[in-house]
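The structure appears below as structure tokens.
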Amino acid sequence: MTPPGPDEPDNNADRAEKPDTVSAADSAESVEKPDDADATESAEDTSHARYGDSGPRLNPALIATLVTIPVMVIVGFIVFAALRPDSSDSTPVESYTAESSTPAECAKFLAALPQTFEGYGDKKVSDTQASWPADKEGDPVIVRCGVSRPAELSPTSNLQVVNPVQWFITDSIEGSGQAFVCVDHRPYVALWVPVNAGNGPITDVSAAIERTLPRGPLDFG
């Protein structure tokens, strides 16, 4: 080989001074994988082939819990609905005994009752009973004509005079309402006033009693 002239660059010197460079990726690729790594890959490939790519599997106990909770909630609602008393059955006057025969005066009296009260719907008449359903949740106003004389009525009983009918309190349920029986007119009239109804029902019912039913003496039994 002819040595370079004085003005020519020495390419061989440049090649000797320039080191060979290898990337980390190339170095990693040049290293052979051990046998155990090949075995691991083979096992993973087999696992994927067996179960597919369906993702993680739920624990059977967790599945049973997720199924049981909705069933328990549904059963709880059913039991609550079955045990909850119907508002129409919660008024005491509906359980009062009645006279053996329907008094003739009841039809005229029920017809004279107001068509509605503030906060309640229109009057509904069935046999000897009139009722006004509440606009919202709660008991209806109920009037029954021809109930029996209150057994608890005595000369020392406290009576309320309204318009100018005399009422005897037969039941008082805190947070629910009061039940009355008119004791100075015939036939006897029972009235249920819900706690939020105010004085309108007893005032208007008293006026209807005074207009349509004859007066009678207080009977203490």
Side-chain angles (χ1 to χ4, degrees), residues 80 83-221:
F80 173 77
L83 296 180
R84 184 179 61 180
D86 188 354
S87 61
S88 63
D89 294 333
S90 64
T91 58
V93 300
E94 293 180 280
S95 64
Y96 292 172
T97 59
E99 297 182 11
S100 56
S101 59
T102 301
E105 296 86 354
C106 284
K108 182 180 179 181
F109 161 67
L110 294 174
L113 290 171
Q115 184 63 25
T116 188
F117 299 111
E118 183 178 357
Y120 292 83
D122 290 339
K123 176 177 62 176
K124 298 179 180 179
V125 177
S126 177
D127 196 15
T128 58
Q129 176 175 301
S131 62
W132 296 260
D135 289 342
K136 299 180 180 179
E137 293 184 359
D139 291 340
V141 174
I142 292 182
V143 172
R144 284 188 64 198
C145 181
V147 299
S148 301
R149 184 190 71 84
E152 303 85 2
L153 183 64
S154 68
T156 59
S157 296
N158 292 323
L159 302 179
Q160 293 189 9
V161 180
V162 181
N163 238 11
V165 173
Q166 298 186 63
W167 295 94
F168 173 58
I169 298 177
T170 49
D171 285 284
S172 182
I173 302 176
E174 184 177 358
S176 184
Q178 284 188 322
F180 305 83
V181 172
C182 171
V183 293
D184 67 341
H185 288 67
R186 300 292 185 272
Y188 290 100
V189 172
L191 168 65
W192 172 255
V193 181
V195 65
N196 295 323
N199 295 325
I202 195 169
T203 300
D204 292 346
V205 172
S206 297
I209 290 175
E210 180 67 14
R211 290 197 310 270
T212 60
L213 298 182
R215 288 175 176 259
L218 297 178
D219 184 0
F220 302 114

Practice prompt. May I have the step-by-step check of side chain to side chain contact (heavy atoms under 4.5 Å, CB included) for Leu159 and Leu153, ending in yes or no?
Written response: CA-CA 10 Å; Leu159 302 179; Leu153 183 64; 4.1 Å; yes
Discussion item. Can you give me the closest heavy-atom contact between Leu213 and His185, atom names plus distance?
Written reply: O-CD2, 3.2 Å
Worksheet entry | Glu174 CD: over 12 foreign heavy atoms closer than 6.0 Å | no
Worksheet item: Do Gln129 and Ile142 have side chains that get closer than 4.5 Å, going by heavy atoms?
Response: yes
Fill in: Closest non-hydrogen atom pair, Trp167 against Val189
CZ3-O, 3.7 Å
Practice prompt. Verify, without hydrogens or angle tests, whether Asp184 (side chain) and Gln166 (backbone) share a donor-acceptor contact under 3.5 angstrom.
Written response: yes
Worksheet item: Do other residues, nucleotides or ligands put more than 12 heavy atoms under 6.0 Å from the CG atom of Asn199?
Response: no
Worksheet item: Which heavy atom of Pro140 sits nearest a heavy atom of Pro194, and at what distance?
Response: O-CG, 3.5 Å
Worksheet item: Is Ser157 close to Glu152 at the side-chain level, that is, under 4.5 Å between some pair of heavy atoms?
Response: no
Practice prompt. Would you give the length of the straight line joining atom CG of Asn163 to atom CD of Glu210, rounded to the nearest 0.5 angstrom?
Written response: 8.0 Å
Worksheet, complete the sentence: Shortest non-hydrogen pair, Cys182 vs Tyr188, comes out as O-CD2, 3.1 Å
Practice prompt. Would you name the heavy atoms of Phe220 and Arg149 that are closest together and state the gap between them?
Written response: C-NH1, 3.7 Å
Practice prompt. Check for a donor-acceptor pair, side chain of Lys124 on one end and backbone N or O of Pro133 on the other, with a separation under 3.5 Å.
Written response: no
Worksheet item: Where the side chain of Thr116 meets the backbone of Gly121, is there a donor-acceptor pair that is under 3.5 Å apart?
Response: yes
Discussion item. For Phe117 versus Gly200, what's the shortest heavy-atom pair and its separation?
Written reply: CE2-O, 4.1 Å
Worksheet item: Side chains of Pro92 and Thr170: closer than 4.5 Å at any heavy-atom pair?
Response: no
Item to complete: Report yes if some heavy atom in the side chain of Ser148 is under 4.5 Å from a heavy atom in the side chain of Tyr96; otherwise report no.
Response: no
Item to complete: Among Asp171, Val195, Asp139, find the one that has a side-chain contact (heavy atoms from CB on, under 4.5 Å) with Ser176.
Response: Asp139
Discussion item. Using side-chain heavy atoms (C-beta onward) and a distance below 4.5 Å, is Leu113 in contact with Val125?
Written reply: no
Worksheet entry | Minimum side-chain heavy-atom gap Pro201-Trp132 below 4.5 Å | no
Practice prompt. Please examine the side chains of Ile202 and Leu191, heavy atoms only from C-beta on, and report whether any two atoms are closer than 4.5 Å.
Written response: yes
Item to complete: Starting at CD of Gln160, measure out to CZ of Phe168 and round the result to the nearest 0.5 Å.
Response: 11.0 Å
Worksheet item: Roughly how far apart are Ser131 OG and Arg144 CZ, rounded to 0.5 Å?
Response: 12.0 Å
Practice prompt. Indicate whether any N or O donor in one side chain lies under 3.5 Å from an N or O acceptor in the other, for Ser206 and Thr203.
Written response: no
Worksheet entry | Heavy-atom side-chain contact between Glu99 and Thr128 under 4.5 Å | no
